[in-house]
Amino acid sequence: MDKYELVLDIIEHPENYTPERLTEIMSDRETREIYNILCKTDSAVAANKGVDVDAEWDEFARKHNV
């Protein structure tokens with residue numbers, strides 16, 4: 001299992017990992033970075049719910065002659 005798959009599995013099935021195992025996995029810099037990026041992505045997606053992308057694009061296009 002590569003690091004991306006491992007992090008996704010941790011997120012989807014945290015019950016499969018002991019606190020000690022999670023500490024061990026997250027001690028790897030690259031794995032921790034993948035986890036942090038996925039958390040930030042989830043947060044950004046959640047923050048943008050309800051945004052009307054088409055309306056925003058129309059507004060941008062109007063202001064910038066696109």
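This structure is a prediction, so every number in the text was calculated from the model and none was measured. Computation of the quantities below employed the complete heavy-atom set of this structure, encompassing side-chain atoms and omitting hydrogens, waters and symmetry-equivalent molecules.
Taking NZ of Lys3 as the reference point, atom OG1 of Thr31 lies at 4.5 Å (rounded to 0.5 Å). Note: Ile34 CD1 to Asp2 CG = 7.5 Å, rounded to the nearest 0.5 Å. Here CE of Met26 is found 8.0 Å from CG of Asn36. Values are rounded to the nearest 0.5 Å. Taken to the nearest 0.5 Å, the CG atom of Asp42 stands 14.0 Å off from the CD1 atom of Ile37.
Criterion: ILVMFWY side-chain heavy atoms under 4.5 Å apart, direct or through other members. Under it, Val53 and Phe60 are not part of a common hydrophobic cluster. Note on Val51: it does not cluster hydrophobically with Trp57, by side-chain heavy-atom contacts below 4.5 Å among ILVMFWY residues. Hydrophobic clustering of Ile, Leu, Val, Met, Phe, Trp and Tyr side chains at less than 4.5 Å, counting indirect connections, keeps Leu8 apart from Val45.
Looking at His13, its side chain never comes within 3.5 Å of a backbone N or O of Asp9 through a donor-acceptor pair.
Val7 and Tyr35 make their closest contact through CG1-CA, 3.8 Å (heavy atoms, listed as atom of the first residue, atom of the second, distance).
Side-chain contact check for Tyr4 versus Leu38: every heavy-atom pair is 4.5 Å or farther apart.
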